[in-house]
Peer 1: 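Take this structure, written in structure tokens, and hold onto it; I'll ask about it next.
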There are 2 protein chains.
Amino acid sequence: MKLSEGTEWAIHCCSLLANLPPDFALPKSRLAEFFDLPEDYLAKFLQELSRAGLVKTSRGPGGGYQLAKPAGQINVLEIVQAVEGDQHFFQCTEIRRCGPSGVADKHYKKPCGIARTMHRAEAAWRAELAAVSLNEISQMGAEESPQEQIEKSLSWFESVM
Amino acid sequence: MKLSEGTEWAIHCCSLLANLPPDFALPKSRLAEFFDLPEDYLAKFLQELSRAGLVKTSRGPGGGYQLAKPAGQINVLEIVQAVEGDQHFFQCTEIRRCGPSGVADKHYKKPCGIARTMHRAEAAWRAELAAVSLNEISQMGAEESPQEQIEKSLSWFESVM
DNA sequence: ATAAAACGGACATATCATATCCGAATATAA
DNA sequence: TTATATTCGGATATGATATGTCCGTTTTAT
């Protein structure tokens, strides 16, 4: 059980977008270049961020992706769910109802203890992610980047804008 | 991102084993019958429970699977990890090091903020699962089963022992 | 008009989940 | 000793999902 790579890409991209000047849009070609990712595949995830309302897009020359909201108003869970969908990790197939001891569906009033336990754990996972804003992510990124990387980022950015 | 069905099966099987009299072993054929599952495939997961030391096995006539420890000393996380492996959901591919702003590996001292955030969330998930013992699972199962199911279980059990 | 860009669908490939089968090892009982 | 019941591990098949590429359409700035 593994999250898709797209999740990592999407968070990094959002964090990069959070550092751009307002009203500046970055096209997928630049985002892919910055992280050395396959452009067309990355586009899939960017489109999902767009559908989820986390980024806004503009077409045509000078267009691209920007955050749709201030980075403080986006949390990591939203990004993860935009990419992964909102399926539960654990999908109960109700095997308690099968086999020689199973009885008619109507007798099972609520989810079984196993499903409740698994879902509570998922809720804890989600809560941790929801508690971290994109702002914090981008700030951590800035703090922990080697000085040389920050300089290279800035000069890359000047070359593209 | 989805847990395998084997996880659900394994927890249910362990819960069933928790209700057996001591020194009674249930073969995979009976376990598969009880939940109406494909026997050979179920066996894969039972073997993983065995490798993880959660169940013990005995071969030959009268053999089968039993819990290796009292149900109070097994928690749900152990069962899940036996089946799913202990891979992280989030596997950081360090894309921060790639592209035009990346610098030499030696400059990155610790995991990035994104990886730390994702791992903290996973830790919360694990903690919830580790906090629930197989004993509690099996007790919930007993409490929430329709009366008719309990009776059918007992009579099935008498027919196999 | 031209070029730059997102968008969406079609397609190809790779990896993993699901499933089945079989032979070998092991243990019990007749 | 033989027959039978069982776990164990490897080989193989199939299906679903993740990964990746390509192309035609739409939108928009210049």
Side-chain angles (χ1 to χ4, degrees), chain A residues 1-10 13 17 23-33 35-68 80 82-85 87 89-91 93 95 160-161, chain B residues 1-10 13 17 23-33 35-68 80 82-85 87 89-91 93 95 160-161:
Chain A
M1 144 134 140
K2 213 169 75 53
L3 294 166
S4 79
E5 282 193 54
T7 296
E8 184 184 5
W9 300 358
C13 285
L17 292 178
D23 292 328
F24 184 82
L26 209 54
K28 66 171 188 237
S29 56
R30 295 308 181 188
L31 280 163
E33 178 194 1
F35 294 112
D36 194 21
L37 299 173
E39 180 178 327
D40 286 344
Y41 190 30
L42 175 62
K44 295 271 190 254
F45 303 112
L46 296 173
Q47 281 174 36
E48 275 158 10
L49 293 175
S50 167
R51 266 181 235 118
L54 300 176
V55 303
K56 62 184 173 192
T57 64
S58 42
R59 297 185 179 190
Y65 295 88
Q66 317 167 50
L67 292 185
V80 171
V83 172
E84 296 287 327
Q87 263 192 349
F89 301 166
F90 182 83
Q91 288 166 309
T93 64
I95 62 174
V160 306
M161 83 172 289
Chain B
M1 148 135 133
K2 212 170 73 56
L3 293 166
S4 80
E5 282 192 54
T7 296
E8 183 184 7
W9 301 359
C13 286
L17 292 178
D23 293 328
F24 184 82
L26 209 53
K28 66 170 187 234
S29 56
R30 294 309 182 189
L31 280 163
E33 179 195 0
F35 294 112
D36 193 21
L37 298 174
E39 180 177 328
D40 285 342
Y41 190 32
L42 175 62
K44 293 277 188 247
F45 303 112
L46 296 173
Q47 281 174 35
E48 275 159 10
L49 293 174
S50 167
R51 268 182 233 117
L54 300 176
V55 302
K56 61 184 173 191
T57 65
S58 41
R59 295 184 179 191
Y65 294 89
Q66 318 168 49
L67 292 185
V80 171
V83 171
E84 296 286 329
Q87 264 191 352
F89 299 167
F90 182 83
Q91 289 167 309
T93 64
I95 62 174
V160 307
M161 85 170 290

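Atom set for the values below is all heavy atoms of this structure, side chains included, hydrogens, waters and symmetry mates excluded. First the proteins, then the strands, lettered A, B, ... as listed; each starts at 1.
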Peer 1: On DNA chain C, check which nucleotide each of A/Met1 and A/Ser29 is closest to and give me the residue with the more 5' one.
Peer 2: A/Ser29
Peer 1: Of the non-hydrogen atoms in B/Val83 and B/Ala10, which two are nearest, and what is the gap between them?
Peer 2: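 In terms of heavy atoms, the two residues are closest at CG2-CB, 3.6 Å.
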Peer 1: For B/Lys2 and C/dC16, give me the distance from atom NZ to atom C1', rounded to whole Å.
Peer 2: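 So the NZ-C1' distance, B/Lys2 to C/dC16, works out to 12 Å.
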Peer 1: Taking the side chain as every heavy atom from C-beta outward, state whether B/Gln66 and B/Phe24 have any pair of such atoms under 4.5 Å apart.
Peer 2: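 No, every pair of side-chain atoms sits at 4.5 Å or beyond.
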Peer 1: Answer yes or no: does a side-chain N or O of B/Arg51 lie under 4.0 Å from OP1 or OP2 of D/dC8?
Peer 2: no
Peer 1: Go through the structure and list residues passing ring pair (Phe, Tyr, Trp, His ring centres under 6.0 Å) with A/Phe90, not counting sequence neighbours.
Peer 2: none
Peer 1: In whole angstrom, give the distance that lies between atom CD of A/Glu48 and atom P of C/dA6.
Peer 2: 15 Å
Peer 1: Rounded to the nearest angstrom, tell me the gap between atom CZ in B/Arg30 and atom P in D/dT7.
Peer 2: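 Spelled out: CZ on B/Arg30 to P on D/dT7 is 11 Å.
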Peer 1: Find the distance A/Leu31:CG to C/dA6:C1' and express it as a whole number of Å.
Peer 2: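 That distance rounds to 13 Å.
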Peer 1: Rounded to whole Å, how long is the line connecting atom CD of B/Gln87 with atom P of C/dT15?
Peer 2: 14 Å
Peer 1: Could you write nucleotides 21-30 of chain D as a row of B, S and -, 5' to 3', where a protein heavy atom under 4.0 Å of any base atom gives B, of only sugar-phosphate atoms gives S, and otherwise -?
Peer 2: BB---BBBB-
Peer 1: Does A/Thr57 have a side-chain nitrogen or oxygen under 4.0 Å from the phosphate oxygens OP1 or OP2 of C/dA5?
Peer 2: no
Peer 1: Can you tell me which nucleotide in C/dC7, D/dG20, D/dT7 comes closest to the side chain of A/Ser50?
Peer 2: C/dC7
Peer 1: Looking at residues at least two apart in the chain, or sitting in another chain, which of them share a side chain to side chain donor-acceptor pair (under 3.5 Å) with B/Thr93?
Peer 2: A/Glu8
Peer 1: In Å, rounded to the nearest 0.5 Å, how long is the span from CG of A/Leu49 to CG of A/Leu67?
Peer 2: 9.5 Å
Peer 1: What residues form a side chain to side chain donor-acceptor pair (under 3.5 Å) with A/Ser4, not counting sequence neighbours?
Peer 2: A/Glu84
Peer 1: Can you see which heavy atom on A/Glu39 is nearest to which on A/Ala32, and at what distance?
Peer 2: CA-CB, 3.7 Å
Peer 1: Among all residues two or more places apart in sequence or in another chain, which pass the salt bridge (Lys or Arg N to Asp or Glu O under 4.0 Å) test with A/Arg30?
Peer 2: A/Glu33
Peer 1: Give the rounded distance in Å between these two atoms: CZ of B/Phe90 and P of D/dA18.
Peer 2: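 Rounding to the nearest Å, CZ of B/Phe90 and P of D/dA18 are 16 Å apart.
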Peer 1: Whole angstrom is fine here: how far is it from OH in A/Tyr65 over to C1' in C/dA4?
Peer 2: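 The distance from OH of A/Tyr65 to C1' of C/dA4 comes to 13 Å, rounded to the nearest Å.
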Peer 1: Check the distance between C/dC16's C1' and B/Glu84's CD and give it to me in whole angstrom.
Peer 2: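 Spelled out: CD on B/Glu84 to C1' on C/dC16 is 12 Å.
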Peer 1: Using Watson-Crick pairs (N1 to N3, plus N6-O4 or O6-N4) and G-U wobble pairs, both distances under 3.5 Å, which stems of at least 3 pairs involve DNA chain C?
Peer 2: C:1-30 with D:1-30
Peer 1: When you measure from the side chain of B/Gln47, which nucleotide among D/dC8, D/dT19, C/dA5 comes out closest?
Peer 2: D/dC8
Peer 1: For A/Val55 and A/Leu46, work out which heavy atoms get closest and say how close.
Peer 2: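 Scanning both residues completely, I find the closest heavy atoms to be CG2-O, 4.1 Å.
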